[in-house]
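In what follows, a structure is listed as structure tokens, so that the remarks can point back to it.
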Number of protein chains: 2
Amino acid sequence: MADDQRPGRGRRPTLMDVAEHAGVSRATASLVVRKSPLVSQTTRQRVEAAMAELGYVYNAGAARLRASRSRTVGVVVPNLTNPFFAVLIAGMEAVFETEDLAVILANSNEDIAKQAGFLKRMREHAADGVIVCPCEGSDRRLVEDAAKWELPLVQALRYVPETTSDYAGIDYREGMRDATERLIALGHRDILFVSGNRRHSARFDRLAGFCAAMEAHGFDAGGVVELRLTHTAARAAASTILDRQKRPSALLCFNDVVALGLHRGLLDLGLRLGRDVSLVGFDDVAEAALVLPGLTSVATRPFEVGENAARLLLRRIHAPAAAIERRIVPTRYVERESTGPAPAALDHGLGLP
Amino acid sequence: MADDQRPGRGRRPTLMDVAEHAGVSRATASLVVRKSPLVSQTTRQRVEAAMAELGYVYNAGAARLRASRSRTVGVVVPNLTNPFFAVLIAGMEAVFETEDLAVILANSNEDIAKQAGFLKRMREHAADGVIVCPCEGSDRRLVEDAAKWELPLVQALRYVPETTSDYAGIDYREGMRDATERLIALGHRDILFVSGNRRHSARFDRLAGFCAAMEAHGFDAGGVVELRLTHTAARAAASTILDRQKRPSALLCFNDVVALGLHRGLLDLGLRLGRDVSLVGFDDVAEAALVLPGLTSVATRPFEVGENAARLLLRRIHAPAAAIERRIVPTRYVERESTGPAPAALDHGLGLP
DNA sequence: CCGCGAAATTGGATCGATCCAATCCTAGGC
DNA sequence: GCCTAGGATTGGATCGATCCAATTTCGCGG
């Protein structure tokens with residue numbers, strides 16, 4: 001209640017002051033702030049009253065120095081600007097908030113040196129653990145170093161190949177395989193995978209899903225093109241993308257940024273989406289439902305992935321020797337008007353490539 | 001280089017170990033890590049070599065206990081899920097990263113109790129300062145408490161009325177005034193302001209800009225409607241919004257979320273945007289350029305606001321007594337196809353309301 | 001070779017909470 | 001009335017870096 005400690009008094013009250021004021025020892029006061037069951041009800045109340053009266057503020061730094069835990073976790077993402085990561089972080093934050101853990105956030109900007117720098121800083125701040133969405137070009141040392149340092153680490157959304165750590169992610173492979181199957185079921189044979197130019201597991205898995213479906217049906221999975229992951233790049237690429245020896249009847253995009261850019265680009269060319277050409281995005285961002293015609297997309301649940309990652313980290317912190325766990329959330333195909341049956345076959349009617 | 005300290009050795013090397021290994025005193029080693037100019041070149045090199053050899057890790061917690069600075073800042077935003085805030089944070093992060101400051105992030109979720117809780121936590125962690133985007137319902141105590149605690153605080157994007165603290169924001173008022181003027185210049189008289197349902201300075205300022213322009217021309221500024229700030233709510237509201245005694249010829253939206261929702265909703269009703277009705281958004285999100293017809297919007301620069309907020313905080317930390325500063329970035333009107341001349345006057349031709 | 005000011009270095013005290021082993025109560029059993 | 005078990009409490013040592021005042025080293029002119 002009364003937090004009107006003398007303002008000019010200079011020094012913030014310490015646990016020592018609280019103890020004195022409550023007529024107990026430092027050690028007992030310490031037990032109270034830590035909510036230990038060892039103190040009696042009456043003592044606890046007396047100390048808490050003293051804390052309120054003096055306007056006591058817990059000094060986490062001092063505690064950390066003596067104790068092992070710091071009640072701090074680190075989060076490193078490669079691109080804060082991307083709304084997808086923002087939601088991911090919101091999911092983590094929601095979990096950590098309930099545990100009273102402070103989240104130290106860092107943006108690696110897909111820069112491996114920066115990422116390493118942040119990990120160093122997290123160690124300096126004695127973070128209890130870190131969640132990393134490894135930036136492009138990360139290698140095994142990321143995980144190995146953390147192990148050496150005994151720093152609990154979970155990977156989220158992406159993983160470094162051949163590493164073993166807890167992992168929370170999305171079933172990119174199955175999501176993309178499913179989407180491909182849907183297109184195939186609509187009669188599409190020449191499907192182009194419009195990928196981003198970044199090399200990481202999230203891209204690799206998606207591509208693998210696409211290839212798996214295509215090859216399962218004996219179709220050519222070679223239709224892959226790479227773009228920068230921006231609306232403008234995708235929009236501008238619309239015309240060149242259709243200019244292939246075998247013109248694709250469907251475009252399967254790495255994510256909705258690419259898909260929405262192409263959406264506009266294709267409309268600019270006078271094409272009818274869902275009729276002349278089918279278009280599928282990935283992530284199912286809110287705007288996918290707003291554009292006309294609506295963009296078919298594969299819904300992912302980044303918030304949930306964030307929650308999973310946070311829970312995995314909590315578990316790892318409490319049980320450093322527990323078995324490795326991977327939590328993969330499934331995707332959901334959301335059909336809208338941008339997809340439709342393949343146009344009547346022209347030059348490729350007989351199923352032979 | 002060689003960071004292969006004996007893994008099982010248990011204890012991490014301390015400055016003391018480094019000093020011993022380099023043949024200097026603790027105090028000198030401390031000066032080296034702090035990059036003090038007081039040590040000689042040769043000593044510095046010797047100590048740095050020892051640090052590398054032992055795999056020394058700076059203990060920020062211990063330093064914080066003794067020193068006053070903690071090299072940590074707090075950031076509190078009301079809604080991490082909103083991409084707008086994600087970009088804002090990215091801007092702050094970019095500045096703090098260059099200063100080697102750790103960012104503790106918190107999401108208040110527009111919940112005043114949570115916001116207060118975070119501020120408490122930031123004090124416990126002895127943050128050097130905080131940036132707050134005050135959640136709805138914040139009052140002067142936010143700023144007054146921070147002052148009492150001698151905690152440097154800057155407000156970003158929103159401010160609590162009648163408070164004096166550093167502030168980094170956007171010129172919402174002028175942006176909205178300008179947009180209103182543009183619509184008036186196109187002949188619009190019945191303009192409806194489609195607002196969000198949140199009460200904070202960012203809303204108030206926008207509304208003020210709208211009213212200022214309308215009243216300057218002697219038009220009725222009473223056309224204001226409130227919606228939940230989601231695509232779906234806006235989309236669903238399209239039909240009821242036009243159902244007013246005097247049907248508006250132009251809609252001026254609180255932000256692009258509302259505008260994009262209405263964009264789709266109006267198209268669903270068979271209206272031609274830019275002809276039958278004009279639509280203006282706010283923020284100029286990437287998707288505004290992608291929808292058809294393109295959405296006219298007022299561009300803001302959240303990244304820059306984030307940078308500004310971070311710089312203000314740095315300045316305040318270094319000079320706690322400096323004069324209050326407010327940095328407002330201007331907006332830019334981006335005209336696209338969703339706006340056009342007012343349709344020929346039907347029932348309101350004579351300029352009288 | 002001395003002296004002197006500036007530069008470089010140092011030991012001890014300190015920040016504030018936690019750990020640990022030891023001590024103090026206090027009821028309840030005999 | 002004595003003893004004991006176990007719950008409650010406590011003082012001292014400690015974590016690792018920084019501050020501060022004091023001391024040593026160095027360079028160089030006289």
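Throughout, a chain's letter reflects where its sequence line sits, starting with A, and its residues are numbered from 1.
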Round to the nearest Å and state the distance from A:Arg71 atom CZ to C:dG16 atom C1'. 18 Å
Can you tell me how far C1' of D:dC19 sits from CZ of B:Arg69, to the nearest Å? 17 Å
Please determine whether a side-chain nitrogen of the Lys or Arg among A:Glu144 and A:Lys148 lies less than 4.0 Å from a carboxylate oxygen of the Asp or Glu. no
Would you indicate which nucleotide in C:dG16, D:dT9, C:dT14 comes nearest to any side-chain atom of A:Arg66? C:dG16
Side chain of A:Leu65 (C-beta onward), nearest among C:dG16, D:dT18, D:dT9: C:dG16
A:Glu20 atom CD is separated from D:dG11 atom C1', nearest whole Å, by 14 Å
Can you identify which nucleotide, out of C:dG16, D:dA8, C:dC19, has its nearest atom closest to the A:Ala67 side chain? C:dC19
Please tell me which of A:Met16 and B:Ser25 maps to the more 5' nucleotide of DNA chain C, matching each residue to the nucleotide holding its nearest heavy atom. B:Ser25
Short side-chain to backbone donor-acceptor contact, B:Arg158 and B:Pro134, under 3.5 Å: yes
Proximal nucleotide (of D:dT18, D:dG12, C:dC19) relative to the B:Tyr58 side chain: D:dT18
Do any side-chain nitrogens or oxygens of B:Thr43 fall under 4.0 Å of OP1 or OP2 in C:dA8? no
Determine yes or no for a side-chain-to-main-chain donor-acceptor pair under 3.5 angstrom, with B:Gln115 supplying the side chain and B:Ser138 the backbone. no
Which part of the nucleic acid, if any, lies within reach of A:Thr14 when heavy atoms closer than 4.0 Å are counted: base, sugar-phosphate only, or nothing? sugar-phosphate
How would you label the contact of A:Ser40 with the nucleic acid (heavy atoms, under 4.0 Å): base, sugar-phosphate, or nothing? sugar-phosphate
Of the nucleotides C:dT10, D:dT10, C:dT18, which has the atom closest to the A:Ala27 side chain? D:dT10
Rounded interatomic separation in angstrom, taking CZ from A:Arg34 and P from D:dT10: 14 Å
Within-4.5 Å side-chain heavy-atom neighbours: B:Leu142 and B:Thr163: no
Which of these nucleotides, C:dG11, D:dA8, D:dA13, is closest to any side-chain atom of A:Arg26? D:dA13
Return whichever of B:Ala60 or A:Pro37 has its heavy-atom-nearest nucleotide of DNA chain D closer to the 5' end. A:Pro37
Could you tell me the separation between the CZ atom of A:Arg123 and the P atom of D:dG16, rounded to a whole number of Å? 14 Å
Look only at the side chain of A:Arg326 and the backbone of A:Tyr167, and say whether a donor-acceptor pair between them is shorter than 3.5 Å. no
Whole-Å distance separating the CG atom of A:Leu31 from the P atom of D:dA8: 11 Å
Side chains of A:Arg26 and A:Ser30: is there a donor and an acceptor less than 3.5 Å apart? no
Nearest-Å distance, CD (B:Glu124) to C1' (C:dA17)? 13 Å
Assert: residue with more 5' nearest nucleotide on DNA chain C, out of A:Val57 and B:Val24, is B:Val24
Counting only side-chain heavy atoms from C-beta out, which of D:dC19, C:dA17, C:dT10 sits nearest to A:Ser30? C:dA17
From the options C:dG11, D:dC19, C:dA17, select the nucleotide whose nearest atom is closest to the side chain of A:Leu15. C:dA17
In whole Å, I'd like the distance from the CG atom of B:Leu38 to the P atom of D:dA21. 15 Å
